[in-house]
2 protein chains.
Amino acid sequence: MTATAAELLETPAVPEKELPVRDRAQTQGRIFQAGRALLAEGGFQAFGVNAVARKAGCDKQLIYRYFGGLDGLLDAIGEDLAGWVTQHVPEDQGGRFLLTYGDLMERLVELYADALRADPLMRRILVWELSESSPHIARMADARAKGIAQWIERMRGSLTPPKGADTVALNAVVIAAVQQLVLAAETSGSFVGLPLKSQKDWARAVAAVARMARAAYA
Amino acid sequence: MTATAAELLETPAVPEKELPVRDRAQTQGRIFQAGRALLAEGGFQAFGVNAVARKAGCDKQLIYRYFGGLDGLLDAIGEDLAGWVTQHVPEDQGGRFLLTYGDLMERLVELYADALRADPLMRRILVWELSESSPHIARMADARAKGIAQWIERMRGSLTPPKGADTVALNAVVIAAVQQLVLAAETSGSFVGLPLKSQKDWARAVAAVARMARAAYA
DNA sequence: CGGCCTAATCACCATCGGGTGACTTTGCCG
DNA sequence: CGGCAAAGTCACCCGATGGTGATTAGGCCG
């Protein structure tokens with residue numbers, strides 16, 4: 001694969017109906033984007049050689065030539081998503097001072113929920129991770145875990161968690177809750193009775209998670 | 001559908017290699033069990049007419065005849081799972097007195113986590129719910145939500161949550177966290193750095209969730 | 001025995017999936 | 001111009017899938 005995922009990303013979406021351009025880089029980019037789009041729209045069920053080729057508007061053979069098959073394409077996409085946390089979850093404090101570890105956790109919840117809600121592709125990947133285990137997936141999950149850890153580390157600044165708190169476990173729980181809520185929202189619009197549609201619903205949900213996190217770190 | 005899901009359940013697993021028995025009820029049961037097993041083992045990806053027939057040791061035609069196709073079979077399975085919460089999550093207090101709402105939440109977390117960890121089929125269904133939305137799925141999710149609400153109601157007894165606490169949201173968050181952790185454990189064995197393999201790992205995770213829940217309800 | 005209902009199977013279809021080898025087009029360079 | 005490598009396409013294979021109509025096999029009852 002002669003191009004990095006970053007370079008592939010520069011392809012400005014899938015051009016409408018451009019006739020064969022005989023430009024390897026661009027075709028590669030179209031395939032890449034088609035793969036991402038399919039994954040984001042229909043999940044891994046919709047991710048197949050034929051489907052990608054159809055969407056990219058080229059012959060499936062090129063997928064094998066340029067990416068070494070579906071797995072290669074998936075790797076390229078995964079590579080790009082490796083830095084997802086640092087790229088999509090901002091580190092600003094939203095103009096607030098984070099005085100306590102609880103403040104930090106609240107902000108973490110807000111930012112992570114927003115980032116996830118804004119990214120269909122990442123959501124699909126997360127669901128995928130729950131459906132099966134494969135090397136690709138394991139790598140992605142690993143990279144994300146590290147990203148989250150680093151992100152917390154940077155946001156934390158000089159704040160320190162209360163002694164005796166199992167930060168690893170507590171952080172995992174908080175992230176888990178947010179993730180499950182966001183994923184469930186997409187397909188069912190609610191979770192065990194808690195509606196998750198409007199912006200207000202989300203404010204309520206996020207407040208609940210934040211309250212718990214804050215209380216646990218008090 | 002001449003048999004209820006409950007009756008179908010009585011079929012004692014899939015008989016090894018019994019030759020055609022010419023017993024409609026039993027064959028129906030075998031198909032039913034095969035469907036459940038496939039779903040539990042391989043998730044919805046493994047759930048197909050041919051696969052079920054193969055596993056049940058009969059012709060796929062019978063699936064159409066007895067259940068009206070895959071959808072019908074799925075309905076039968078779903079019907080049986082409707083009462084899952086009340087059937088699989090016990091209501092005992094484990095010999096403890098639940099003195100506070102926090103105690104209740106802790107017990108809730110323990111019991112729900114255990115029940116889910118012990119039931120592959122239910123886990124698969126939960127993942128499925130995150131993957132796509134369909135009438136079947138929506139119905140199942142609904143039934144589960146109600147079951148959980150009732151279960152909490154019964155466990156609660158005369159305990160009352162602190163004023164001002166958004167119990168619906170908080171409960172949803174707690175359940176969400178547990179669910180995500182259990183689902184993630186199966187495929188990756190950990191979640192954002194928190195290991196989820198040994199019994200000890202689980203004790204730690206459950207303690208973290210319980211700590212948060214308890215703190216939020218204090 | 002013969003008939004009949006029904007459980008169960010068989011044979012077949014169209015379709016789609018991943019995957020591959022041979023082919024055609026295009027642009028470039030001497 | 002001729003030729004050559006690269007970009008792209010075509011035609012095909014194979015296996016598996018969902019789905020259906022016709023057919024067989026077995027038990028029961030008069």
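Bear in mind that the values here come from a model prediction, so they are computed numbers and not experimental data. Residue numbers start from 1 in every chain, and the chains themselves are labelled A, B, ... in the order their sequence lines are given, proteins ahead of strands.
Across A:R123, A:R117, A:K197, a single residue satisfies salt bridge (charged side-chain N to carboxylate O under 4.0 Å, His left out) together with A:E186, and that is A:R123. Screening A:L108, A:V173, A:V178 for a side-chain contact (heavy atoms from CB on, under 4.5 Å) with A:V209, the sole residue that qualifies is A:V178.
Distance CD1 (A:I63) to C1' (C:dG17): 13 Å, rounded to an integer number of Å. Taking atom CZ of residue A:R24 and atom P of nucleotide D:dA5, one finds them 16 Å apart after rounding to whole Å. Atoms OH (A:Y66) and C1' (C:dG19) sit 18 Å apart, rounded to a whole Å. In this structure, B:R30 atom CZ and C:dA7 atom C1' are separated by 13 Å, rounded to whole Å. For A:L38 and C:dG17, the CG to P distance is 11 Å, given to the nearest whole Å. The nearest whole Å value for the distance from the CZ atom in B:F67 to the P atom in C:dA8 is 12 Å. One can place CZ of A:F44 at 16 Å from P of C:dG17, the figure rounded to the nearest angstrom.
A donor atom on one side chain and an acceptor atom on the other are not found under 3.5 Å apart for B:D114 and B:W202.
End-to-end axis angle of the helix from C:dC1-D:dG30 to C:dC16-D:dG15, using five pairs per end and rounding to 10°, comes to 30°.
Legend: residues meeting side chain to side chain contact (heavy atoms under 4.5 Å, CB included) with A:N50, ordered by chain and number and at least two apart, are A:R54, A:K60. The side chain to side chain contact (heavy atoms under 4.5 Å, CB included) check on A:A51 picks up A:L38, with sequence neighbours excluded.
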(request) Check the pair B:Y64 / B:D59 against side-chain hydrogen bond (donor to acceptor under 3.5 Å, both in side chains), numbers first and verdict last. (result) CA-CA 10 Å; B:Y64 292 99; B:D59 197 276; over 6 Å; no
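Aromatic ring orientation, A:W84 versus A:Y112: perpendicular (interplanar angle above 60°, classes split at 30° and 60°).
What you find for A:Q45 and B:S131 is that their closest heavy atoms are NE2-CB, 4.4 Å. In this structure, A:L39 and A:R124 approach most closely via the heavy-atom pair O-CG, 2.8 Å.
Of the residues in residues 132-139 of chain B, none has a non-hydrogen atom less than 4.0 angstrom from any atom of DNA chain C.
The side chain of A:T27 contributes an N or O atom lying less than 4.0 Å from OP1 or OP2 of D:dG8.
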(request) Using a 4.0 Å heavy-atom cut-off, write out nucleotides 17-26 of chain D from 5' to 3' as B (base contacted by protein), S (sugar-phosphate only) or - (no contact). (result) SBBBB---BS
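The stretch residues 165-189 of chain A participates, sequence neighbours left out, in no ring pair (Phe, Tyr, Trp, His ring centres under 6.0 Å) pair at all.
One finds a salt bridge joining B:E129 and B:R144 here, because a Lys/Arg side-chain nitrogen approaches an Asp/Glu carboxylate oxygen to under 4.0 Å.
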